[in-house]
Amino acid sequence: MADPWRYGADGISIALRVTPRGGRDDIDGIETLADGRSVVKVRVRAVAEGGEANRAVTELLAKALGVPKRAVRVLSGTTSRQKQIAVDGDPRKLGELLRSMTAAKPKKSSEQDPT
């Protein structure tokens with residue numbers, strides 16, 4: 001599975017699938033869409049009205065990646081659940097952070113196979 005982000009000279013570009021009104025602000029891992037593309041799954045509490053969800057997504061990514069809010073911007077998909085986000089900074093460091101944040105999360109003990 002290919003990473004859902006691309007490296008550039010000044011940072012990275014991330015493909016996202018956003019769930020507004022998702023109950024919490026969180027990065028839920030990587031998902032493969034029906035067309036085969038990989039995206040980072042993100043959920044935010046904000047509603048998708050007046051740019052509130054986009055603002056919540058950029059703030060969540062800025063905090064998670066340790067960059068200023070001004071370093072994160074929506075490139076495309078402002079009115080869609082699928083977005084392309086640019087993050088300015090050291091591309092290698094940002095990619096490593098994203099890889100660790102989106103790594104498969106371990107199942108809770110109650111969800112593990114009893115065999």
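Distance check: L60 CG to R24 CZ gives 11.0 Å after rounding to the nearest 0.5 Å. Once rounded to the nearest 0.5 Å, the distance linking OG1 of T32 with CZ of R17 reads 11.5 Å. One finds the CG atom of L94 at 12.0 Å from the OG atom of S13 (value rounded to the nearest 0.5 Å).
Shown here for P91 and A9, the closest heavy-atom pair between the two residues is CG-O, 4.2 Å. Among all heavy-atom pairs drawn from I27 and A64, the shortest one is CD1-CB, 3.9 Å. Here the closest heavy-atom approach between residue R43 and residue G22 is recorded as NH1-O, 2.9 Å. A46 and A56 make their closest contact through CB-CB, 3.9 Å (heavy atoms, listed as atom of the first residue, atom of the second, distance). Nearest approach of L65 to L98, heavy atoms of both residues: CD2-CG, 4.1 Å. The two residues D28 and D26 have their closest heavy-atom pair at OD1-OD2, 3.6 Å.
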**Report entry** Steps toward side-chain contact (heavy atoms from CB on, under 4.5 Å) verdict (K41, T19)
**Finding:** CA-CA 8 Å; K41 296 187 306 182; T19 303; over 6 Å; no
Report task. Starting from the C-alpha separation in whole Å, work towards a yes-or-no answer on side-chain contact (heavy atoms from CB on, under 4.5 Å) for L75 and I85. Result -> CA-CA 5 Å; L75 293 175; I85 304 287; over 6 Å; no
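Identified under the salt bridge (charged side-chain N to carboxylate O under 4.0 Å, His left out) test for residues 86-103, with sequence neighbours left out: D3-R99, R73-D88, R92-E96.
In the hydrophobic clustering, L33 connects to V39, either directly or through intervening members, whenever side-chain heavy atoms lie under 4.5 Å apart.
Residues R37 and E31 form no side-chain contact, since every pair of their non-hydrogen atoms from C-beta on lies 4.5 Å or further apart. Taking 4.5 Å as the limit, every side-chain heavy atom of L16 sits out of range of all side-chain heavy atoms of W5.
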List the atom pairs, donor and acceptor, that lie under 3.5 Å between side-chain atoms in residues 47-54 and the rest of the protein, sequence neighbours left out.
from: N54; atom 1: OD1; to: K83; atom 2: NZ; distance (Å): 2.8
from: N54; atom 1: ND2; to: T78; atom 2: O; distance (Å): 2.9

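A 6.0 Å sphere centred on CZ of R21 holds no more than 12 heavy atoms belonging to other residues, nucleotides or ligands.
Note on Y7 and V67: same hydrophobic cluster, where clusters join Ile, Leu, Val, Met, Phe, Trp and Tyr whose side-chain heavy atoms are under 4.5 Å apart, directly or indirectly.
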